[in-house]
Amino acid sequence: MEAVLKNVASTTELLAVAALSGEVQRWDKQTLSRAVQWARYCEHLFSRFHNNPAIRMMMEKQLQLTNQSLRAAFAGYIEVSFSDLSRCQHLLLVGLLRNPELPISIMKILFDTEGPVNTQQSECQDVTGFCSHIIQCKSACKVLSPLTDLSAIGADAEVQAAMLMERLDALLSQGSEACRTEHILDSVLRGFEGAAGHFCLVIAAALLTKKNSAALCASQDVLLDWLQKEQSVLQHMCSALPATLIIELTKGHLKFRHAYCGLLKKWASDMEYSMSEGEWVQPRRNRTVSFNRLTEHFLGLFETCPSLRDDVEKELNALKMSDGDFDVGGLSVWGDLLSAVSK
């Protein structure tokens with residue numbers, strides 16, 4: 001039993017280091033794997049002994065002593081109770097994400113869609129289950145808007161979105177500069193190389209998280225500013241995401257609505273009339289949407305935000321006039337677009 005109590009104390013200290021110490025700068029994949037292993041170990045202890053009054057009392061006393069020493073060592077330390085042992089992995093993950101000293105290398109491991117590969121069989125096999133473990137912690141509360149189609153988002157994307165918001169919130173609360181938060185987003189984007197569709201779902205889930213705090217609003221605002229700069233990501237989102245998610249995003253965020261509207265107009269301006277195909281098409285090197293799909297995007301935007309319709313149609317009319325104000329199909333993409341959305 002002495003060894004068990006010592007391990008509980010060590011794991012509690014580990015949680016404090018993960019959340020509050022600059023020591024995490026030196027962590028690597030193996031360190032993270034061992035930390036996850038200890039967190040799982042304490043969850044197993046809770047499961048095994050929570051109904052054993054005698055052992056539970058010994059573990060609670062050990063936690064009291066350990067908490068006392070950690071309060072003296074770390075400013076802002078939050079005590080770990082016996083019941084907290086049941087969610088050690090969650091505490092470890094949130095602690096890491098909230099630590100401003102967390103290195104980019106560990107961030108990439110946490111957001112790795114395939115899960116890290118360990119080089120030694122003796123180590124914890126991987127941390128894939130570590131990140132997905134908080135799915136059950138998040139599912140208890142309505143993370144996303146109740147109108148959001150959860151099947152379109154997916155549990156993995158929802159959890160990674162919660163992780164991303166936790167990280168941005170931590171950096172902003174520490175007064176980090178915008179360039180640092182953008183660096184985090186750039187790093188996460190690179191981590192999703194080859195899985196752009198999934199990354200777009202993560203961004204959508206992050207923006208659709210319910211606005212229940214000023215910190216969350218601030219994190220979403222940073223994400224929206226970054227998205228407006230990363231036009232390739234915005235373009236992929238608007239072309240690949242289900243229409244239901246785009247509608248929710250335009251309803252919830254004015255910045256996204258404006259960016260989306262601007263992107264639709266850019267798509268239209270890039271189009272040229274193909275005599276062979278008998279329709280407006282984008283250049284072959286960059287065909288993102290068809291003219292019919294572009295029309296559907298505009299109609300969906302007007303349905304979601306009726307107040308935009310008059311302003312956008314006025315702008316399309318002005319662009320049509322600049323093209324010569326012809327009413328013959330195939331001469332002005334703006335004229336043909338106006339006709340299509342007015343049917």
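Values below: every heavy atom of this structure, side chains too, minus hydrogens, waters and symmetry copies. Please read these numbers as outputs of a predicted model, since none were measured by experiment.
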Worked check of side-chain contact (heavy atoms from CB on, under 4.5 Å) between Val17 and Glu13:
CA-CA 6 Å; Val17 169; Glu13 292 167 356; 5.5 Å; no
Is there side-chain contact between Leu92 and Trp38, with at least one heavy-atom pair below 4.5 Å?
no
State, without any angle test, whether Thr31 and Asp28 hold a side-chain donor-acceptor pair at a distance under 3.5 Å.
yes
Parallel, tilted or perpendicular for Phe199 and Trp226, by the 30°/60° rule?
perpendicular
Tightest non-hydrogen contact, residues Phe82 and Glu60, listed as CB-CG, 3.7 Å
Heavy-atom pair with the smallest gap, counting every atom of His297 and Cys238
CE1-O, 3.0 Å
Whether Ser322 side chain and Leu319 backbone form a donor-acceptor pair below 3.5 Å
yes
Heavy atoms, side chains only, cut-off 4.5 Å: are Phe298 and Lys265 in contact?
yes
Got a sec: does the CZ of Arg293 have more than 12 other heavy atoms crowding it under 6.0 Å?
yes
Asp270 side chain vs Pro283 backbone, donor-acceptor pair below 3.5 Å
no
Answer whether the closest heavy-atom distance between the side chains of Glu230 and Asp186 falls below 4.5 Å.
yes
Measure the CG-CG distance between Leu185 and Leu168 for me, rounded to the nearest 0.5 Å.
5.0 Å
Following the transitive rule for hydrophobic clusters with a side-chain heavy-atom cut-off under 4.5 Å over Ile, Leu, Val, Met, Phe, Trp and Tyr, establish whether Ile247 and Leu208 coincide in one cluster.
no
Please examine the side chains of Val312 and Cys261, heavy atoms only from C-beta on, and report whether any two atoms are closer than 4.5 Å.
yes
Using salt bridge (Lys or Arg N to Asp or Glu O under 4.0 Å) as the criterion, list what pairs up with Lys320, not counting sequence neighbours.
Asp325, Asp327
With heavy-atom distances below 4.5 Å as the criterion, would you say the side chains of Leu227 and Leu207 are in contact?
yes
Under 3.5 Å, side chain of Ser47 to main-chain N/O of Glu43, donor-acceptor pair present?
no
With a 3.5 Å distance limit and no angle check, can you tell me whether His253 reaches the backbone of Leu249 through a side-chain donor-acceptor pair?
no
Does Asp84 use its side chain to pair, donor to acceptor, with the backbone of Ser81 at less than 3.5 Å?
yes
Are Asn317 and Trp334 close enough that some pair of their side-chain heavy atoms sits under 4.5 Å apart?
no
Does the side-chain contact (heavy atoms from CB on, under 4.5 Å) test come out yes or no for Leu32 and Leu96, once each step is laid out?
CA-CA 10 Å; Leu32 178 61; Leu96 287 170; 3.8 Å; yes
Between the side chain of Asn99 and the main-chain N/O of Ala18, is any donor-acceptor distance below 3.5 Å?
yes
Check whether Val8 and Ile78 end up in the same hydrophobic cluster, where Ile, Leu, Val, Met, Phe, Trp and Tyr are linked by side-chain heavy atoms less than 4.5 Å apart.
no
Interatomic spacing from CG in Leu338 to NZ in Lys314 - rounded to 0.5 Å:
13.0 Å
Count the heavy atoms of every other residue, nucleotide or ligand shown that sit under 6.0 Å from CE of Met1, and state whether that count exceeds 12.
yes
Do Ser21 and Phe74 have side-chain heavy atoms sitting under 4.5 Å apart?
yes
Heavy atoms of Lys255 and Gln228 approach each other most closely as O-NE2, 3.7 Å
So for atom CD, which belongs to Glu2, do other residues, nucleotides or ligands contribute more than 12 heavy atoms lying within a distance under 6.0 Å?
no
Closest contact, heavy atoms only, Ala9 versus Thr66:
CB-OG1, 3.4 Å
Is there a donor-acceptor pair closer than 3.5 Å between any side-chain N or O of Ser219 and the backbone N or O of Asp169?
yes
Are Ile104 and Val24 connected into the same hydrophobic cluster when the rule is that any two of I, L, V, M, F, W, Y join if their side-chain heavy atoms are below 4.5 Å apart?
yes
Can you see whether Ser10 engages Asn7 through a side-chain donor-acceptor pair at a distance of less than 3.5 angstrom?
no
Just wondering, more than 12 heavy atoms not from Leu331 lying within 6.0 Å of its CG?
yes
Any chance you could lay out the side-chain contact (heavy atoms from CB on, under 4.5 Å) test for Arg257 and Cys305, step after step, and finish with the verdict?
CA-CA 9 Å; Arg257 189 186 312 163; Cys305 311; 3.3 Å; yes
CG/Leu102 to CD/Gln25 distance, rounded to the nearest 0.5 angstrom?
9.5 Å
Let's go through Lys29 and Ile106 carefully: what are the C-alpha distance in whole Å and the side-chain angles of both, what is the deciding distance for side-chain contact (heavy atoms from CB on, under 4.5 Å) to 0.1 Å, and is it a yes or a no?
CA-CA 7 Å; Lys29 181 172 58 180; Ile106 297 298; over 6 Å; no
Do Leu254 and Leu301 belong to the same hydrophobic cluster, where Ile, Leu, Val, Met, Phe, Trp and Tyr are linked whenever their side-chain heavy atoms lie under 4.5 Å apart, directly or via other members?
no
When rounded to the nearest 0.5 angstrom, what is the spacing between CG in Leu93 and SG in Cys88?
12.5 Å
Expected output: side-chain Arg98 to main-chain Ala170 donor-acceptor under 3.5 Å
no
When you measure from the side chain of Gln282 to the backbone of Met271, do you find a donor-acceptor pair of N or O atoms at a distance under 3.5 Å?
no
Are Tyr260 and Phe302 connected in a single hydrophobic cluster, I mean Ile/Leu/Val/Met/Phe/Trp/Tyr linked by side-chain heavy atoms less than 4.5 Å apart?
yes
Of all the heavy-atom pairs spanning Met163 and Leu110, show the shortest one and how long it is.
CE-O, 3.5 Å
Close side-chain approach of Asn67 and Arg71, heavy atoms under 4.5 Å:
yes
Calculate, to the nearest 0.5 Å, the distance between atoms CD and CD1 belonging to Gln220 and Ile203 respectively.
11.0 Å
Could you tell me which residues satisfy side-chain hydrogen bond (donor to acceptor under 3.5 Å, both in side chains) with Gln68, sequence neighbours excluded, listed by chain and number?
none
Can you confirm whether Glu303 is buried at CD, in the sense that more than 12 heavy atoms of other residues, nucleotides or ligands lie under 6.0 Å from that atom?
no
Could you report the tightest heavy-atom contact between Tyr77 and Glu79, atom names first, then the distance?
CE2-CA, 3.7 Å
Separation between CZ (Phe46) and CZ (Arg56), nearest 0.5 Å, reads 6.5 Å
